[in-house]
Amino acid sequence: GRRAGGLAASSGLFRSRRLRILRRCKGMARSSADGPASVLAPAPEAPSASGGTAAKDESKLAAAGLPESAQGLPETTLRNIALEAARVGNYYAEPEAQAEVLSYIREQFERLLNDARWMKKYTAKNNEPNAFTERYTVAEILAKKHEADGYDVFVQPHEALAKKQAEEAAAAGPRREVDPAVYGELQDGLIEAAAAAAGEADPVGTDELVELLEGCAKAGELTAAVYCGERLEAVHGESLPDDALERAFAALKPLLRPSAAVSQPRLTGPWEETGARRRFGKLLDRLGQLRKARTLARDGDAADKAERSKRGEAVLGDLCAKLLPFLLKDAGCAACKRRGPMVAEISRVCRVSGLDLSTPVAWDILRILEQRGNVAVSGRDVRLQADESGTAAAADTGSAAQALADSARELQLLDELARERLERRAQRRKARERSKVSKKSRTAG
């Protein structure tokens with residue numbers, strides 16, 4: 001009996017102790033649940049303040065042309081994401097189709113911003129600044145300004161910088177130091193030419209001016225070389241001798257590369273004016289136009305080709321003006337949103353009217369309509385629209401076959417010109433590809 005009573009007393013003691021422990025644990029759990037929440041919970045913001053901040057951020061994003069998913073991200077991160085979008089979204093396209101490329105790059109930019117897995121994986125890399133994030137804005141990167149500046153968009157920024165420097169160094173070759181005596185001769189010759197231009201000395205001969213220009217261009221003295229070229233134009237105008245023209249153009253052309261000109265000119269004098277690079281571009285353009293005109297005058301075949309191309313553009317413009325009212329009234333053309341289907345619809349409308357167009361000619365018609373503003377372009381989307389003249393013509397249209405009958409006689413010419421244009425475009429593309437391959441081999445070597 002004593003033993004049974006002792007066991008009962010001990011079991012009651014254990015039960016009461018267990019109850020006290022359970023109560024204590026519940027109290028600690030309740031305090032831990034309530035306490036940190038009251039300490040760590042952020043203070044509630046005023047509704048007006050938070051609403052104003054969100055509205056302000058949205059307005060800034062809208063002004064910058066960025067999606068809402070870019071909200072809250074640092075500028076460096078956005079620029080790195082834009083660089084990646086340009087890398088994966090860029091592809092080759094003709095200048096008139098670059099709007100589609102830019103639209104696709106922006107689509108890739110938004111896709112990367114919404115890809116939580118990719119953003120988490122490359123957080124450290126996207127937050128790290130580089131040469132491109134310090135030089136270009138998000139809008140400039142999405143517009144491929146770094147590619148326009150000569151950088152390779154398909155490699156990392158540091159690789160692109162090193163590659164461009166290697167290419168410029170290989171193209172420029174080892175710069176030879178100009179003998180100080182040569183600088184002295186050039187300085188004296190320029191002073192004499194400036195005095196002759198002011199009427200204070202005897203006129204300088206054409207050969208001497210050309211030699212001065214060649215010497216200044218070889219030494220990288222851009223301002224002095226431009227001055228000599230302008231003096232040649234002032235003396236001779238469009239009657240500049242052919243030999244002097246060719247020598248001057250050949251000497252000035254290497255200066256198109258910025259690295260070929262010295263940063264600090266050593267030849268000083270009254271020829272030093274502001275805007276030397278702009279004046280150089282205009283001078284080279286005038287000399288190029290003069291060379292082209294003389295080539296056409298000497299070469300009968302070149303003149304015939306130029307006249308034939310000019311006549312073809314006139315015929316193509318007349319055909320577009322006659323065809324536009326019928327395209328505007330056609331439901332198939334009005335429903336097209338892409339260039340390819342619209343070219344097919346243009347061919348169909350002409351074929352129904354008895355005008356059997358080839359596909360290259362149909363593409364040329366679309367090109368002329370875009371240039372005239374009758375086809376609105378927004379990224380990859382295109383839309384046929386009428387101007388005042390097109391609307392007036394569409395109001396009173398007769399038979400399409402009658403309106404296009406005169407253009408049918410010139411279809412062979414239009415087809416030949418369109419195919420020649422495509423062939424030249426293909427040759428340029430192949431030349432660019434060969435140039436890229438050769439540059440890569442030189443850089444790797």
Determine the minimum heavy-atom distance between Tyr227 and Ala197, stating which atoms define it.
OH-CB, 3.9 Å

Pick from Thr206, Val204, Leu209: which one makes a side-chain contact (heavy atoms from CB on, under 4.5 Å) with Arg231?
Leu209

Can you name the nearest heavy-atom pair linking Gln98 to Ala93, along with the distance?
NE2-O, 2.9 Å

Yes or no on side chain to side chain contact (heavy atoms under 4.5 Å, CB included) for Val138 and Ile81, after CA distance, side-chain angles and deciding distance?
CA-CA 9 Å; Val138 175; Ile81 297 173; over 6 Å; no

So, Glu94 versus Tyr92: side-chain donor-acceptor pair below 3.5 Å or not?
yes

Closest heavy-atom pair and its distance - Pro241, Arg294:
C-NH1, 3.7 Å

Rounded to the nearest 0.5 Å, how far apart are CZ of Arg278 and CG of Leu283?
12.5 Å

I'd like to know if Glu75 pairs up with Arg79 as an ion pair, taking the criterion as any Lys NZ or Arg NE/NH1/NH2 lying under 4.0 Å from an Asp or Glu carboxylate oxygen.
yes

Test side chain to side chain contact (heavy atoms under 4.5 Å, CB included) applied to Pro270 - qualifying residues, sequence neighbours left out
Ala194

Separation between CG of Leu323 and CG of Asp330, rounded to the nearest 0.5 Å
10.0 Å

Please check this pair: side chain of Asn126 against backbone of Met119, looking for a donor-acceptor N/O pair closer than 3.5 Å.
no

Stepwise side chain to side chain contact (heavy atoms under 4.5 Å, CB included) check, Val101 with Asn90
CA-CA 6 Å; Val101 181; Asn90 191 26; 3.4 Å; yes

Please determine if Arg421 and Asp364 form a salt bridge, counting it only when a charged side-chain N lies under 4.0 Å from a carboxylate O.
yes

Work out which heavy atom in Gln385 is nearest to a heavy atom in Val375; give both atom names and the distance.
CG-N, 4.5 Å

Side chain proximity check, Phe154 to Glu159, heavy atoms < 4.5 angstrom:
no

Backbone N or O of Glu140 within a donor-acceptor pair of the Thr137 side chain at under 3.5 Å?
yes

When you compare the side chain of Lys164 with that of Asp152, does any pair of heavy atoms fall below 4.5 Å?
no

Taking all non-hydrogen atoms of both residues into account, name the closest pair between Ala276 and Thr223 and its distance.
CB-OG1, 3.5 Å

Please walk me through it: do Lys337 and Glu345 pass salt bridge (charged side-chain N to carboxylate O under 4.0 Å, His left out)?
CA-CA 11 Å; Lys337 302 298 182 183; Glu345 292 297 325; over 6 Å; no

Does Glu238 have more than 12 heavy atoms from other residues, nucleotides or ligands lying within 6.0 Å of its CD?
no

If you measure from CD1 on Ile191 to CG on Leu186, what distance do you get to the nearest 0.5 Å?
11.0 Å

Is the closest side-chain heavy-atom distance between Leu357 and Ile365 below 4.5 Å?
yes

Just so I know, are the side chains of Ser309 and Glu420 near enough to count as touching, which here means a heavy-atom distance under 4.5 Å?
no

CG on Leu319 to CD1 on Ile368, rounded to 0.5 Å:
10.0 Å

With under 30° as parallel and over 60° as perpendicular, where do the rings of Tyr136 and Tyr151 fit, or are they tilted in between?
perpendicular

What's the verdict on side chain to side chain contact (heavy atoms under 4.5 Å, CB included) for Leu316 and Arg367, showing C-alpha distance, side-chain angles and the deciding distance?
CA-CA 10 Å; Leu316 191 62; Arg367 172 177 61 86; 3.8 Å; yes

Arg87/Glu84 ion pair, N-O < 4.0 Å:
yes

Test side chain to side chain contact (heavy atoms under 4.5 Å, CB included) on Leu113 and Leu73; report intermediate values, then the result.
CA-CA 10 Å; Leu113 284 172; Leu73 293 177; 3.6 Å; yes

Are the side chain of Gln108 and the backbone N or O of Ala86 linked by a donor-acceptor pair below 3.5 Å?
no

Is a side-chain donor-acceptor pair under 3.5 Å present for Arg286 with Gln289?
no

Using side-chain heavy atoms (C-beta onward) and a distance below 4.5 Å, is Gln187 in contact with Arg266?
no

Please list all pairs meeting ring pair (Phe, Tyr, Trp, His ring centres under 6.0 Å) that have one or both residues in residues 93-127, counting only residues at least two apart or in different chains.
Trp118-Tyr122

Check this for me, if you would: do Asp285 and Lys282 make a salt bridge, where the nitrogen-to-carboxylate-oxygen distance has to be below 4.0 angstrom?
no

Within the 4.5 Å heavy-atom criterion, are Cys216 and Leu190 side-chain neighbours or not?
yes

Does the side chain to side chain donor-acceptor pair (under 3.5 Å) test come out yes or no for Gln427 and Arg424, once each step is laid out?
CA-CA 5 Å; Gln427 291 177 358; Arg424 290 195 300 270; over 6 Å; no

Sidechain N-carboxylate O distance under 4.0 Å for Glu246, Arg291:
yes

Between the side chain of Asp318 and the main-chain N/O of Ala314, is any donor-acceptor distance below 3.5 Å?
no

Can you tell if the side chain of Lys144 reaches within under 4.5 Å of the side chain of Ile105, non-hydrogen atoms only?
yes

Can you check whether Leu83 reaches His146 side chain to side chain, under 4.5 Å on heavy atoms?
yes

How long is the span from the CG atom in Leu422 to the CG atom in Leu417, to the nearest 0.5 Å?
11.0 Å

Rounded to the nearest 0.5 Å, how far apart are CG of Leu78 and CD of Gln71?
11.0 Å

